[in-house]
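All heavy atoms count here, side chains included; hydrogens, waters and symmetry mates do not. By convention in this document, chain letters (A, B, ...) are assigned in the order of the sequence lines, proteins followed by strands, and residues within each chain are numbered from 1.
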Amino acid sequence: MNVSFYNTMTRTVDPFVPLAAPKVTFYTCGPTVYNYAHIGNLRSYCAEDLFRRILEYSGYDVLHVMNITDVEDKIIKACLAEKMTLNGFTEPYIKAFKEDIASLNVKPAAFYPKASEHINEIVDIIKELCKREIAYKGDDGSYYFSIERFSDYGKLARLDKQDLRAGARICHDEYDKEHLSDFALWKAWDEGDGDIFWETEIGKGRPGWHMECSAMSIKYLGETIDIHMGGVDNIFPHHENEIAQSEASTGKKFVNYWVHCEHLLSDGRKMSKSLGNFFTLRDLVEKGYSPIALRYLYIANHYRSKLNFTLKALDSAANTLNGLYDFLKRLSRVKNELIEDAEFAELFARAKATFDEKIYTDMNMPQALSCIFSMISHLNIMMDKNCLPQQQAVSVIDYFMKIDAILALNLGQALEDDIVPEDIEKLIEERQSARKAKDFKRSDEIRDLLSARGIILQDTPQGVVWKKM
RNA sequence: GGCGAUGUGGCCGAGUGGCUAAGGCAGCGGUCUGCAAAACCGUUUAUCAGCGGUUCGAAUCCGCUCGUCGCCUCCA
């Protein structure tokens, strides 16, 4: 199956052709670690994870690198205010970030390079850009990239250089640039930076924000990579600048495919603390939501559409997820003998083919899931009629386990045999005896007792089944 | 101010020229049950922000209006 997806550079859905199949080089912009990630940030990381998992599902071998921005204005300010070292300040947030994405079943990247540990690589690129006379040193000792001297500037965001200059906001503190839209590659030290600086061949200071992604992408993945992904708000200036720095210094194309994830809104607005619609994953977990329900909410919506987050939508996602678990449990209890059923085979094959087609066409998870739910409904009817053979139920379960490599919704957990404490087993038996004897007072007592322990009983025609609340 | 995106049933959201506008959640009805619950089945609610236009035909293309969102120097 051929994979295709929307490339921001071409603005079309393009067939994916990697440089050296089956290997795929994949770079994503990571967090700036001065705070906890919010659920808008996390949406991007989940979309990237889904993207990677789909590529792997289709047979590619993905080498994923995600940078960690640990040198930046806000970080420096906070560090100095709290009188901490850079690492001392950022490490807890890096740890929290990795915990957050792990709880969302985001696969770890192969490398998480930090800006602060790649100063040499950054300086080398700046030196190269100076040698090629594309970068210049300002009077303050900072280095800037001249967009005038890079003819392709603006090709990703489709901005015109003339407009950029005309539309740029007035900058009061950066007189040293030749043009307002030139951006900093290296920021010379000033008092505001305290003891956070590096002594290098190009002077005392720190890297500009855009440099790290160019340096790390080139170092870990090569001068030209297959895919670079991130949030839409990074298209300009961040990704545009990455292209400029990288291509101007190597003379080669930087990235073949650019993929961007849309924003998350909260209650129809941009998230902000003052509106009370600002959430971190930790906030939601405190409210009793499972990170996997949030993951479901993310992947059930197309990555290029804005997603309107509400607690009601998250409730809905959690309910749907429980429905999936219930369905799998029900399948696992099917014990019928094999009977020939051409209808099932056709239904199942069609659902699988549709699912593949949808995920491989610009990662259309909403439609892929839609076809899965239609199949579930058919299979439930077959189970209602007692005409789904065990062998087929098992093959459906196997399939769900297989696609969970993409969905990562812990579907396997639904099938794990819960260990029933003996006393619960006994109580269930006692209740059944009481019911037979029509001692409903006692049977209801037991039901309430178990309910208080978080056990829900289901009296089905096939017998009593229980599940945890 | 400049550029761009978007507005689909109670909610979340697919669908970008043509079968009866996916799917999920909620609601309602039913099956099951001693009664419930859970589970499952069925199902009500949309002509697609408003107005105008193009077309044999539009949610889907064009124009205007209104709302929301994003980018325009470091925010996923």
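- Contact check, Ser377(A) against rC41(B): a side-chain N or O comes under 4.0 Å of OP1 or OP2.
- To the nearest 0.5 Å, the span separating OG1 on Thr320(A) from CG on Leu297(A) amounts to 9.5 Å.
- Spacing between atom NE2 of His302(A) and atom C1' of rC12(B) amounts to 16 Å, rounded to whole angstrom units.
- If you measure from atom CD of Glu262(A) to atom P of rG70(B), you get 10 Å, rounded to the nearest angstrom.
- On a pure distance criterion of 3.5 Å, a polar donor-acceptor pair joins the side chain of Asp444(A) and the base of rG34(B).
- In summary, the aromatic rings of Tyr36(A) and Tyr93(A) are positioned with their centroids under 6.0 Å apart.
- rA22(B) atom C1' lies 14 Å from atom CD of Glu357(A), rounded to whole Å.
- Nucleotides rC3(B) and rG50(B) have their C1' atoms positioned 25 Å apart, rounded to a whole Å.
- The residue His263(A) sits close to a base: some heavy atom pair falls under 4.0 Å.
- Ring planes of His239(A) and Trp258(A): tilted class, angle from 30 to 60°.
- The CG atom of Leu314(A) lies 9.0 Å from the CZ atom of Phe279(A); values are rounded to the nearest 0.5 Å.
- In the set rC35(B), rC40(B), rG42(B), rC40(B) carries the atom at the smallest distance from any side-chain atom of Asn380(A).
- Using a 4.0 Å heavy-atom criterion, one finds that Phe440(A) contacts the bases of the nucleic acid, with or without backbone contacts as well.
- Remark: Lys74(A) is in phosphate contact with rC75(B), judged by side-chain N or O atoms under 4.0 Å from OP1 or OP2.
- Relative ring orientation between Phe26(A) and His64(A) is described as tilted, the plane-to-plane angle lying within the 30° to 60° band.
- Using a 4.0 Å cut-off between a side-chain N of Lys or Arg and a carboxylate O of Asp or Glu, Arg447(A) and Asp444(A) qualify as a salt bridge.
- Atom NE2 of His263(A) has more than 12 neighbouring heavy atoms from other residues, nucleotides or ligands inside a 6.0 Å radius.
- Atom name P, nucleotides rC28(B) and rU44(B): the rounded distance is 16 Å, in whole Å.
- Set against rC41(B), rC74(B), rG13(B), the side chain of Asp384(A) has rC41(B) as its closest nucleotide.
- Between the CD atom of Gln458(A) and the C1' atom of rA38(B) there is a distance of 4 Å, rounded to whole Å.
- Nucleotides rG9(B) and rA22(B) have their C1' atoms positioned 13 Å apart, rounded to a whole Å.
- Atom P of rC19(B) sits at a distance of 15 Å from the matching atom of rG57(B), rounded to the whole Å.
- Going from atom CG of Asn386(A) over to atom P of rC32(B) covers 15 Å, rounded to whole Å.
- Interface residues of residues 33-46 of chain A facing RNA chain B, ordered by number: His38(A), Gly40(A), Asn41(A), Ser44(A), Tyr45(A); criterion, heavy-atom separation under 4.0 Å.
- As judged by a 4.0 angstrom heavy-atom cut-off over every strand, Leu457(A) is placed among the base-contacting residues.
- Across the interface with RNA chain B, nearest-nucleotide mapping of Leu307(A) and His378(A) shows Leu307(A) to be the residue nearer the 5′ end.
- Here the side chain of Gln367(A) is nearest to one of rC74(B), rG15(B), rC12(B), namely rG15(B).
- Between Asn319(A) and rC25(B), a side-chain N or O to OP1/OP2 separation shorter than 4.0 Å is absent.
- For Asn364(A) and rA22(B), the CG to C1' distance is 10 Å, given to the nearest whole Å.
- Whole-Å rounding puts the Arg11(A) CZ to rG4(B) P distance at 10 Å.
- We find the CE-CG distance between Met382(A) and Leu388(A) to be 5.0 Å, quoted to the nearest 0.5 Å.
- Listed nucleotides: rU6(B), rC75(B), rC35(B). Nearest to the side chain of Lys306(A): rU6(B).
- Comparing rC75(B), rG42(B), rA76(B) by their nearest atom to the side chain of Ile381(A) picks out rG42(B).
- You'll find a donor-acceptor pair under 3.5 Å spanning the side chain of Lys187(A) and the base of rC74(B), going by distance alone.
- A cation-pi arrangement is absent between Lys137(A) and Tyr144(A) under the rule of less than 6.0 angstrom and at most 45 degrees off the ring axis.
- As judged by a 4.0 angstrom heavy-atom cut-off over every strand, Leu264(A) is placed among the base-contacting residues.
- What separates NE2 of His239(A) from C1' of rC71(B) is a distance of 14 Å, to the nearest Å.
- Rounded to whole Å, the P atom of rA76(B) lies 42 Å from the corresponding atom of rA21(B).
- Comparing atom distances between the Arg435(A) side chain and each of rG23(B), rG70(B), rG34(B) picks out rG34(B) as nearest.
- Comparing rA46(B) with rC11(B), their C1' atoms are spaced 13 Å from each other, to the whole Å.
- The listed nucleotides are rC11(B), rC12(B), rA76(B); the one nearest the side chain of Lys312(A) is rC11(B).
- The residues Asp193(A) and Lys187(A) are annotated as not salt-bridged, no charged nitrogen and carboxylate oxygen being separated by less than 4.0 angstrom.
- With both ends at atom P, the span from rA37(B) to rA26(B) equals 14 Å, rounded to whole Å.
- Nearest nucleotide to the Arg330(A) side chain, out of rC40(B), rC71(B), rG34(B): rC40(B).
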*Kindly express the pairing pattern of RNA chain B in dot-bracket notation, using | wherever a base pairs with another strand and counting only Watson-Crick or G-U pairs under 3.5 Å.*
((((((((.[[[..)..(....]]].(((((.......))))).....[[[[[..)....]]]]])))))))....
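- For Asp459(A) and Arg431(A), the salt-bridge test passes: some basic side-chain N is under 4.0 Å from an acidic carboxylate O.
- Both Ser305(A) and Cys29(A) sit near RNA chain B, but only Ser305(A) has its closest nucleotide nearer the 5' end.
- In this structure, Arg435(A) forms no cation-pi arrangement with Phe440(A), as its terminal cationic atom is not both closer than 6.0 Å to the ring centre and no more than 45° off the ring axis.
- In this structure, the nucleotide among rG23(B), rC12(B), rC72(B) sitting nearest to the side chain of Ser370(A) is rG23(B).
- To the nearest whole angstrom, the two C1' atoms, one in rG24(B) and one in rG13(B), are 8 Å apart.
- Aromatic rings of His38(A) and Phe278(A) (six-membered ring for Trp) have centroids within the 6.0 Å cut-off, being under it.
- Judged by distance alone with a 3.5 Å cut-off, a donor-acceptor contact links the side chain of Ser443(A) to the base of rG34(B).
- Side-chain proximity of Arg447(A) to the nucleotides rG24(B), rA36(B), rA39(B) is greatest for rA36(B).
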